[in-house]
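Working notes, structure below.
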Amino acid sequence: MAQIALTLPDGNSRHYDAGITAGEVAADISKSLGKKAISATVNGAHFDLAWPIEADADIAIHTMADEEQANELVRHDLAHIMARAVQEIWPDTKVTIGPVIKDGWYYDFDRKESFTPEDLGAIEKKMKEIINKRDPVRTEVWDRARAIKHYEDLGEGYKVELIEAIPGDEPLRMYWHGDWQDLCRGPHLQHTGQVPSDAFKLMSIAGAYWRGDSDRAMLQRIYGVAFTGKEKLRAHLNMLEEAAKRDHRKLGREMDLFHMQEEAPGQVFWHPNGWYIYTELQDYMRRQQRKGGYVEVNTPQVVDRKLWEASGHWEKYQENMFIVEVDEEHAREKAVNALKPMNCPCHVQIFNQGMKSYRDLPLRMAEFGSCNRYEPSGALHGIMRVRGFTQDDGHIFCREDQIEEETAIYIEFLRGIYKDLGFENFKVKFSDRPETRSGSDEVWDKAEEALLSATRKAGIEPEMNPGEGAFYGPKLEFVLTDAIGRDWQCGTHQVDFVLPERLDATYVGSDGGKHRPVMLHRATLGSFERFIGILIEEHAGKLPFWLAPRQVVVASITSEADDYVMEVVETLKAAGVRAEADMRNEKINYKVREHSVGKVPVILAVGAREVEEKTVSVRRLGQKQTSVQPLSDVARDLAVEATPPDLRN
RNA sequence: GCUGUAGUAGCUCAGUGGUAGAGCGCGUCAUUGGUAAUGACGAGGUCGGGAGUUCAAUCCUCCCCUACAGCACCA
């Protein structure tokens, strides 16, 4: 029999017969490792202890102490155990797929009756029974025909379809958890008892389309979370509870920032406090854009469908547009308009006025553009995904050879702004051509290459998002996450060769001939609505002082201090600080609590002593200790903090 | 849009086939207090909307609206 050399992480090599399993290697190294081993990494691949190793390789044996591998195995085995539990309780249920995801797993089932939240308890109980049985996990390799026949006989049509969709001709791995069998690429643990029975929890039931296709069957998905130990599960559940407190919908109410109501789904009623944030941000962005060489414009809300037909949006997005029909009495035909769902076609109209020369390029055009989109009801989410919103939109008209430079300039522009707003780290995703698109493949080749190369030159290696581009061009997405870790695209930068063509934008080149400009679509915050939502969750409501809607409350301790309270408020206002007085007949404890809950960053308490000394007692949000300082010093310091970062020296 | 869950006072929630309750908030009065809730009293609800069953519906049935979780979508 052939001999193979396996190299351990410490550099030592051991020699074995080919076909030895990682489990046997572990046992050979030491008896205790043989017992504790759960899996192995063989040449970078995660191996089941039962799989044969056929050639020389680097090998590392894993135990439960290896968090990454242990979590994967525990979660993956739990997916199987849950599917088994469900089929034991409801044998008419069809199984489909059940992958490991962040913090846990899910499994999709097809069953006539719906699972109820109460069922989760029953499933959990059954799962614990299976774990306690310590059933062996067994693996066999079958050829495809046999596997297909097997599933056809069982009536598991989804499994048959899965096998048929797996490319190539390789044999398939079949797993058994006790008597229960599933098609699976593995790896797995050796018996169900290795899964901690107290470190998982079934979280929720939701619908999910088979193969992610909304034209196909709606399955029932059960989500679970799992860890290697009880403490880690508890910590995770605790984290979720904390994250729920940062939810912008909750804080929006508590801080009196905005509300939404049935009559205007997906649209925001901004209250005075929220509008402070909004306008502060807008003022900031306007300054940044002026500094960045943009000209600001403004375009109509209601625009004839002809323009949307010309741009291609009518064809692709008609069902997501608010249609405004005007039936003018003497008009020959009814005018059909749409509320502007985006600004690009309007910006091209401005570009098209008059004759542009290559000397005008790059032309950076910006608009705080209010848009309305009829988003599907299920997509709405607080102020993060809405039907009425305002983008900090901009379009850069430039020559092809300016794409890279403009992209590089833009990435730096965005970076500086995100940094000012407290986002040092953000994801960058690159989305290339989607299936349905405008423009020739040559044009797409050019656009994708230019965008990607500029991004890489900016020192960013984006995450690839194949097929997710806009219909007119590839895009870069700048992604921020909410309190519970969901991704939200905020900034974007897109190359577009198509729209200038469709809307016939031209400029006169140095050769005197007409040329087609390239259009770069870009938004930094994305929309004020979404960005403010993210901002609230990121800071848990404790916004940077300059963005805080209520910056200072001056609270009297006794009514003797009322006159002085007003003096302090006036002094602060004169210094450019948003200050308000609280002279209610309440105890200082009460006032401190109320304004702390309201996330006011600074509370200044004044009583007899402060009146006497012309001082204030300063209390910062989240801090317990206070300090007594001269009013003039405090006014000076807060004036600096109240200044937006781009205006400070 | 799809699957599931939910909608009772401004907020968080309890409750019942015989037209509703708590805490907080709000108002009035008393209290002038030193850094996360002073006390007493009081005012708030056609129980998301519509239809049906019933002597009687906030509660049961159906339809609709909205929200939440996930899926699909996201110019």
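A, B, ... follow the sequence lines: proteins, then strands. Residue 1 opens every chain. The structure displayed is predicted, hence computed values, not measured ones.
- Atom CD in A/E113 sits about 15 Å away from atom P in B/rU3, given to the nearest Å.
- For B/rG44, the base adopts the syn conformation, since its glycosidic angle falls within 90 degrees of zero.
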| request: Heavy atoms under 4.0 Å is the rule here; annotate nucleotides 65-75 of chain B 5' to 3' with B where the base is hit, S where only the sugar-phosphate is, and - elsewhere. | output: SSSSSBBBBBB
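- In this view, A/Y374 and A/F322, A/R387 satisfy the side chain to side chain contact (heavy atoms under 4.5 Å, CB included) rule, not counting sequence neighbours.
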| field | Verdict with reasoning, A/T299 to A/E367, per side-chain contact (heavy atoms from CB on, under 4.5 Å) | value | CA-CA 8 Å; A/T299 60; A/E367 176 177 5; 2.9 Å; yes
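- Here B/rU35 presents its P atom at 18 Å from CG of A/L621, a figure rounded to the nearest Å.
- Between A/K427 and A/D487 a salt bridge is recorded (basic side-chain N to carboxylate O distance below 4.0 Å).
- Sorted by first then second residue, the salt bridge (charged side-chain N to carboxylate O under 4.0 Å, His left out) pairs that include residues 469-479 of chain A, not counting sequence neighbours, are A/K475-A/E477.
- For A/I557 and B/rU32, the CD1 to C1' distance is 11 Å, given to the nearest whole Å.
- Between B/rU61 and B/rG18, the distance separating the two P atoms is 16 Å to the nearest Å.
- Comparing the P positions of B/rG44 and B/rA20 gives a spacing of 14 Å, expressed to the nearest Å.
- Put simply, A/R584 has no side-chain N or O that comes within less than 4.0 Å of OP1 or OP2 on B/rU32.
- Taking atom P in both B/rC64 and B/rG17, one finds a spacing of 27 Å when rounded to whole Å.
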| field | Bracket notation of RNA chain B in which parentheses pair within the strand, [ ] cross earlier pairs, and | pairs with another strand (Watson-Crick or G-U, under 3.5 Å) | value | (((((((..((((....[..)))).(((((.......))))).....(((((..]....))))))))))))....
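- Judged as a side chain to side chain contact (heavy atoms under 4.5 Å, CB included), and not counting sequence neighbours, the contacts of A/L363 are A/V295, A/F351, A/K356, A/L361, A/M365, A/F397.
- Looking at heavy-atom distances under 4.0 Å, A/K591 makes no contact with the nucleic acid at all.
- Applying the side chain to side chain donor-acceptor pair (under 3.5 Å) rule to A/R522 yields the partners A/Y294; only residues at least two apart in sequence or on another chain are considered.
- Residues passing the ring pair (Phe, Tyr, Trp, His ring centres under 6.0 Å) test with A/Y106 are A/Y223, sequence neighbours excluded.
- Residue-level contact check: A/A608 touches the bases, meaning some heavy atom is under 4.0 Å from a base atom.
- Residues A/F423 and A/F478 place their aromatic rings such that the two centres sit no closer than 6.0 Å.
- Regarding A/L219, its CG atom lies at a distance of 13 Å from the P atom of B/rG4, rounded to whole Å.
- A gap of 30 Å separates the P atoms of B/rG10 and B/rA56, to the nearest Å.
- Sorted by first and then second residue, the ring pair (Phe, Tyr, Trp, His ring centres under 6.0 Å) pairs with a member in residues 242-264 of chain A read A/F258-A/W270, A/H259-A/F269, A/H259-A/H271; sequence neighbours excluded.
- Applying the side chain to side chain contact (heavy atoms under 4.5 Å, CB included) rule to A/R385 yields the partners A/E375, A/A379, A/H381, A/W488, A/R530; only residues at least two apart in sequence or on another chain are considered.
- We find that A/E161 and A/R216 are joined by a salt bridge, their nearest charged nitrogen and carboxylate oxygen being less than 4.0 Å apart.
- The distance between the ring centers of A/F200 and A/F227 does not fall below 6.0 angstrom.
- Taking atom C1' on both B/rC13 and B/rG1, the two are 32 Å apart, rounded to the nearest angstrom.
- Of all the residues in residues 298-307 of chain A, not one reaches under 4.0 Å from RNA chain B with any non-hydrogen atom.
- Only the C1' atoms considered, B/rG48 is 23 Å distant from B/rC24, to the nearest whole Å.
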| Tell me, for nucleotides 37-44 of chain B in 5' to 3' order, what letter each nucleotide earns: B for a base near a protein heavy atom under 4.0 Å, S for only sugar-phosphate near one, - for neither? | BB------
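- The residues A/E586 and A/R584 are annotated as not salt-bridged, no charged nitrogen and carboxylate oxygen being separated by less than 4.0 angstrom.
- Each of A/Q220 and A/E610 has a nearest nucleotide on RNA chain B; the 5'-most of these lies closest to A/Q220.
- The distance between atom CD of A/E254 and atom P of B/rC24, rounded to the nearest whole Å, is 17 Å.
- Every residue meeting the side chain to side chain contact (heavy atoms under 4.5 Å, CB included) condition with A/R437, not counting sequence neighbours, appears here in chain and number order: A/R433, A/P434, A/D441, A/W444.
- Spacing between B/rG23 and B/rU32 at atom C1', rounded to whole Å, works out to 27 Å.
- B/rG52 and B/rU12 are spaced 33 Å apart, taking the P atom of each and rounding to whole Å.
- For B/rU3, the base has no donor-acceptor partner in the side chain of A/S114 [N/O atoms by modelled type, under 3.5 angstrom].
- In this entry the distance linking CE of A/M255 with C1' of B/rG25 reads 18 Å, nearest Å.
- Between A/Y472 and A/F497, the ring centre distance reaches or exceeds 6.0 Å.
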